[in-house]
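Below is one structure, written out as structure tokens; the observations come after it.
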Protein chains: 2
Amino acid sequence: MSPRTGIDLQMVIQTAAEIADQEGFEAVTLSALAYKLNIKSPSLYNHVKGLPGLRKQLALYSIGEFYNTLSEAAIGRSNDEAIIAIGTAYIHFARKHPGLYEATFRAPDLMDPEVRTAGDRIIHLILKILQAYGLEGSAALHIVRGFRSMFHGFASLEQKGGLGMNLNRDESLNIMISTFLAGLHSRLNSAK
Amino acid sequence: MSPRTGIDLQMVIQTAAEIADQEGFEAVTLSALAYKLNIKSPSLYNHVKGLPGLRKQLALYSIGEFYNTLSEAAIGRSNDEAIIAIGTAYIHFARKHPGLYEATFRAPDLMDPEVRTAGDRIIHLILKILQAYGLEGSAALHIVRGFRSMFHGFASLEQKGGLGMNLNRDESLNIMISTFLAGLHSRLNSAK
DNA sequence: TGATTTAACTAATATGATTAGTTATTATAC
DNA sequence: GTATAATAACTAATCATATTAGTTAAATCA
């Protein structure tokens, strides 16, 4: 059924991922990707629906890798320890895979069902941990949004060089997370 | 000295700002901008150094507008009230001016001295407010990074449609800020 | 062995950024 | 007033990328 069984979707995405991490998300062009795969760029249309299609596939791949990293970090941990582990893993992933991290939120349409479903797994991961705090429903979702905002904001600012450089960034991260956790505990106590 | 005194840098940036807010940051191309100004795109090179130059100018303009909005929100307020006002103004600005907000962090080089200086004014605005908490030096800087991460992360996720839609976003914002503030107070108390 | 499938190809078009070199308008000098 | 200098805007051309249409050819399967 398949002629010239050379390149498959997995190779396309894998190679795109390499370009993304090595040269940046914007460097993932059909032109550069085809060159690296030793084919001509129109041939890529046999694998993905143009540049938007490629970015969607790269987003799905990246979100998957990201989820794996975060969920592994949470194994065997609970409560604050689990949150700190996930937050740390989150930032480390963004540092190690800047292109993949950017791809996770630069899909052509984040409302796309497949993309959304992939991203929801990460939300559920955090929700699961928050259950131990007695948080659920909308109260838990608000807190998840807080964590996501903090983590994404920190990773994003760091990646763009938006944070100055004369101050230890890991310390900032630790302080940020523990401050938010302290506030969370304080709110939970006073709600009793 | 000037022939055909038609278009000046201010008009160029103003028009670019309109495109950015109406059609998105990516829609600010030299081609679209020139069309809207009724000139040919190479003529823009008399005003800005290509697309990177335009983006830098747009970043400087946007950061200036952003700073004005935030500083006005802080007038006559202090402590938690000032932080909440700034955080709210931050998110409202990003909602009202999605293109300008994106431009603030999509300059070709955020390390550029002019861009950095403009951005530093916003950091100093928050630092000033934190003085009332007895925070200064690196401790204050870590907390500023926390606020910036939260605000930027929230605005960024919201803009990209990364937050789901079945939950009130303003409430999430209020909870996030007050949780962090509660944690900040708790840390400051236990440090005594 | 022959038909079918389809990956990869070539050719062509469109859009956008950019450079080089030209034109022409305006302000200033005389 | 007229000449000159400065420069905004222009045309022409090139390059890169994305994309479409139509062709070629290799591998599978009947």
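All chains are named by letter (A, B, ...) in the order of the sequence lines, taking the proteins before the strands, and each is independently numbered beginning at 1.
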For a quick test of your reading: what N or O donor-acceptor pairs under 3.5 Å do the side chains of residues 42-54 of chain A make, sequence neighbours left out?
| residue | atom | partner | partner atom | Å |
| --- | --- | --- | --- | --- |
| A:S43 | OG | A:K40 | O | 3.3 |
| A:N46 | ND2 | A:S43 | O | 3.3 |

Taking everything shown except B:K96 itself, do over 12 heavy atoms lie less than 6.0 Å from its NZ?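 No, not enclosed.
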
What is the distance, to the nearest angstrom, from the [atom1] atom on [X] to the [atom2] atom on [N]?
X: B:L44; N: D:dT7; atom1: CG; atom2: P; answer: 18 Å
X: B:H47; N: D:dA6; atom1: NE2; atom2: C1'; answer: 14 Å
X: A:I39; N: C:dT6; atom1: CD1; atom2: P; answer: 17 Å
X: B:I7; N: C:dT25; atom1: CD1; atom2: P; answer: 16 Å
X: A:K40; N: C:dT6; atom1: NZ; atom2: P; answer: 24 Å
X: A:L33; N: C:dA8; atom1: CG; atom2: P; answer: 12 Å
X: B:N46; N: C:dA24; atom1: CG; atom2: C1'; answer: 13 Å
X: B:D8; N: D:dA6; atom1: CG; atom2: P; answer: 22 Å

Would you tabulate the nitrogen or oxygen pairs shorter than 3.5 Å linking the protein to nucleotides 15-18 of chain D?
| residue | atom | partner | partner atom | Å |
| --- | --- | --- | --- | --- |
| D:dT17 | OP2 | A:S31 | OG | 3.3 |
| D:dA18 | OP1 | A:L30 | N | 3.2 |
| D:dA18 | OP2 | A:L30 | N | 2.8 |
| D:dA18 | OP2 | A:S31 | N | 2.8 |

How far does OG1 of A:T69 sit from CD1 of A:I86, to the nearest 0.5 angstrom?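 Reported to 0.5 Å precision, the distance equals 11.5 Å.
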
Restricting to ring-ring contact (aromatic ring centres under 6.0 Å, His included), what partner residues turn up for A:F93, sequence neighbours left out?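 ring-ring contact (aromatic ring centres under 6.0 Å, His included) check on A:F93 returns A:F66, A:H97.
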
For residues 145-155 of chain A, run the donor-acceptor check on the side chains, cut-off 3.5 Å, and write out each pair with its distance to 0.1 Å, sequence neighbours left out.
| residue | atom | partner | partner atom | Å |
| --- | --- | --- | --- | --- |
| A:R145 | NH1 | B:L167 | O | 3.1 |
| A:R145 | NH1 | B:S172 | OG | 3.0 |
| A:R145 | NH2 | B:G164 | O | 3.0 |
| A:R145 | NH2 | B:L167 | O | 3.4 |
| A:R148 | NH1 | B:G162 | O | 3.2 |
| A:R148 | NH2 | B:G162 | O | 3.2 |
| A:S149 | OG | A:R145 | O | 2.8 |
| A:H152 | ND1 | A:Y101 | OH | 2.7 |
| A:H152 | NE2 | B:S156 | OG | 3.0 |

In chain order, what residues pass the side-chain hydrogen bond (donor to acceptor under 3.5 Å, both in side chains) check against A:R77, with sequence neighbours excluded? none

Mind running a 4.0 Å heavy-atom check of residues 10-17 of chain B against DNA chain C and sending the residues that fall below it, in number order?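 Contacting residues: none.
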
Nucleotide of D:dA9, C:dA8, C:dA20 approaching B:P42 most closely (side-chain heavy atoms):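 Given the options D:dA9, C:dA8, C:dA20, the side chain of B:P42 is closest to C:dA20.
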
Under 3.5 Å, which donor-acceptor pairs link side chains of residues 175-184 of chain A to any protein atom two or more places apart or in another chain?
| residue | atom | partner | partner atom | Å |
| --- | --- | --- | --- | --- |
| A:S178 | OG | A:N174 | O | 2.8 |
| A:S178 | OG | A:I175 | O | 3.3 |
| A:S178 | OG | B:R187 | NH2 | 3.0 |
| A:T179 | OG1 | A:I175 | O | 2.6 |
| A:T179 | OG1 | B:R187 | NE | 3.2 |

Residues in side-chain contact (heavy atoms from CB on, under 4.5 Å) with A:T29, at least two apart?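 With sequence neighbours excluded, A:T29 shows a side-chain contact (heavy atoms from CB on, under 4.5 Å) to A:S31, A:A32, given in chain and number order.
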
Under 3.5 Å, which donor-acceptor pairs do the side chains of residues 125-137 of chain A form with other protein atoms, sequence neighbours left out?
| residue | atom | partner | partner atom | Å |
| --- | --- | --- | --- | --- |
| A:Y133 | OH | A:D80 | N | 2.9 |
| A:Y133 | OH | A:D80 | OD1 | 2.4 |

